Amino acid sequence: MPELPEVETVRRGLEQYVVGKKVVSAESFHRRTIKPSSLGRLEMVTGSKILAVKRRGKFLWFELDRDFVLVAHLGMSGQLLVQQSNAFDQSHLRARLRLGGKLNRTSKDEIRFIDQRTFGWLSVEESSEGIPTSVRHIAFDPFEENFDLKSVVNKIRQKRCSIKSAILNQEVLSGIGNIYADEALWRSKIHPEIICEDLSEVEVKKVISSAKSVMKLAIKSGGTSFDEQYKNVNGESGYFSRSLQVYGQQGQPCSRCGSAIHRIAFANRSSHFCPRCQR
DNA sequence: GTTACGACCTGCGAGC
DNA sequence: TGCTCGCAGGTCGTAA
């Protein structure tokens, strides 16, 4: 599932291949791919030049030599692949940008948006101070220069929801999804259902620093791939799933204490934790 | 204002 | 073998 490390891996891959290229054509093939507010606007990117590929949390966008940007969210199963136009069309191909510029016969000249579960989307929108409209409500992620640890800790400690809900809230801090939330809480030895108000400043800081360090390691490994739902721009899987300590490990012994990892239902999804380490 | 929860969606795998 | 159903989960809207 694409969380911050997976999106950052994709961003780096895109940056390498597409910056400086011109968009020759843009088309979408599924009614849910383009955000309703952007319907009919994808074609506007035709003729523009890609200046940069940016990211905040799980949101990614292409800066263009225009007064609008192209935003992409991968949702649960979205992939942005850079391929040659003569490659076969994937069965869940939702949109395609053809690239021009300095290309040769073997150049990868297409950006393809592939999305099995159609939770991902693209949109063409205005940007203010370098941040697209749909990303403005998203908080800084822990890797951003302006990320203010102290104010995020204070914000979390004022909440009356569970710590896991708080760190999944993209308006508190961005980039963390279900996998890295479970991993961060395991590393900081904190139970996912503990109410934020009951945690000390030190404990909340520990959760955030654990989240940052686990995501940093995941970026080094190219992200987490369980199945076909996440690939980098070259269609390759990441291998951080081998390093997961609790997510998807229910019934397996905790690598710290040997207790069996538990899985519980949590807000329409699941939480994994060690019942002994995370009381 | 804050929090919880359902809806959206599709493919896979388990169970019958 | 074929069918049904539950599960995966990011975001948004709505209800409490």
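Labels below follow one simple rule: chain letters A, B, ... track the order of the sequence lines, proteins then strands, and each chain is numbered from 1. For clarity, every value in this text was computed on a predicted model and none was experimentally measured.
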ask   = What is the distance, rounded to the nearest whole Å, between atom CZ of A:Arg160 and atom P of C:dA16?
value = 19 Å
task = Using the six-membered ring wherever Trp is involved, compare the ring planes of A:Trp121 and A:His73 and label them parallel, tilted or perpendicular (cut-offs 30° and 60°).
result = parallel
ask   = Between the side chains of A:Thr133 and A:Glu126, does any donor sit under 3.5 Å from an acceptor?
value = no
query = Do the side-chain N or O atoms of A:His92 get closer than 4.0 angstrom to the phosphate oxygens (OP1, OP2) of B:dC9?
reply = no
key: Whole angstrom value for the distance that separates P of B:dT10 from CD of A:Gln116   = 9 Å
query = Looking at the side chain of A:Glu3, which of C:dC12, B:dT10, C:dG10 is the nearest nucleotide?
reply = C:dG10
query = Can you tell me how far P of B:dG11 sits from CD1 of A:Ile114, to the nearest Å?
reply = 14 Å
ask   = Can we say A:Glu144 and A:Arg56 salt-bridge, meaning some charged N sits less than 4.0 Å from an Asp/Glu carboxylate O?
value = yes
inquiry  = If you compare every side-chain N and O of A:Lys58 against the phosphate oxygens of C:dT11 (OP1, OP2), does one of them come in below 4.0 Å?
reply    = yes
ask   = Would you say a side-chain N or O of A:Ser270 is under 4.0 Å from OP1 or OP2 of C:dA8?
value = yes
ask   = According to a strict under-4.0 Å criterion, is A:His73 in side-chain N/O contact with OP1 or OP2 of C:dT11?
value = yes
query = Between C:dC12, B:dT10, C:dA8, which nucleotide gets closest to the side-chain atoms of A:Thr118?
reply = B:dT10
message = Side chains of A:Asp115 and A:His92: any donor to acceptor distance under 3.5 Å?
response = no
ask   = Between C:dT11 atom P and A:Leu60 atom CG, what is the distance in whole Å?
value = 13 Å
query = Any side-chain N or O of A:Arg31 under 4.0 Å from OP1/OP2 of B:dC9?
reply = yes
inquiry  = Which is more 5' along DNA chain B, the nucleotide nearest A:Cys161 or the one nearest A:Arg269? Just name the residue.
reply    = A:Cys161
message = Side chain of A:Ser165 only, heavy atoms from C-beta on: which candidate in C:dT11, C:dA8, B:dA4 is closest?
response = B:dA4
key: Separation of C:dA8 P from A:Ile179 CD1 (nearest whole Å)   = 12 Å
query = Rounding to a whole Å, what distance do you find between A:Glu6:CD and C:dA8:P?
reply = 18 Å
remark   = Rounded to whole Å, CZ of A:Arg32 lies from C1' of C:dG10 at a distance of 11 Å
ask   = In whole angstroms, how far is the P atom of C:dT11 from the CG atom of A:Asn169?
value = 10 Å
ask   = Rounded to the nearest 0.5 Å, what separation is found between the CD1 atom of A:Ile131 and the CZ atom of A:Phe59?
value = 11.5 Å
query = Within less than 4.0 Å of OP1 or OP2 of B:dT3, is there a side-chain N or O belonging to A:Lys159?
reply = yes
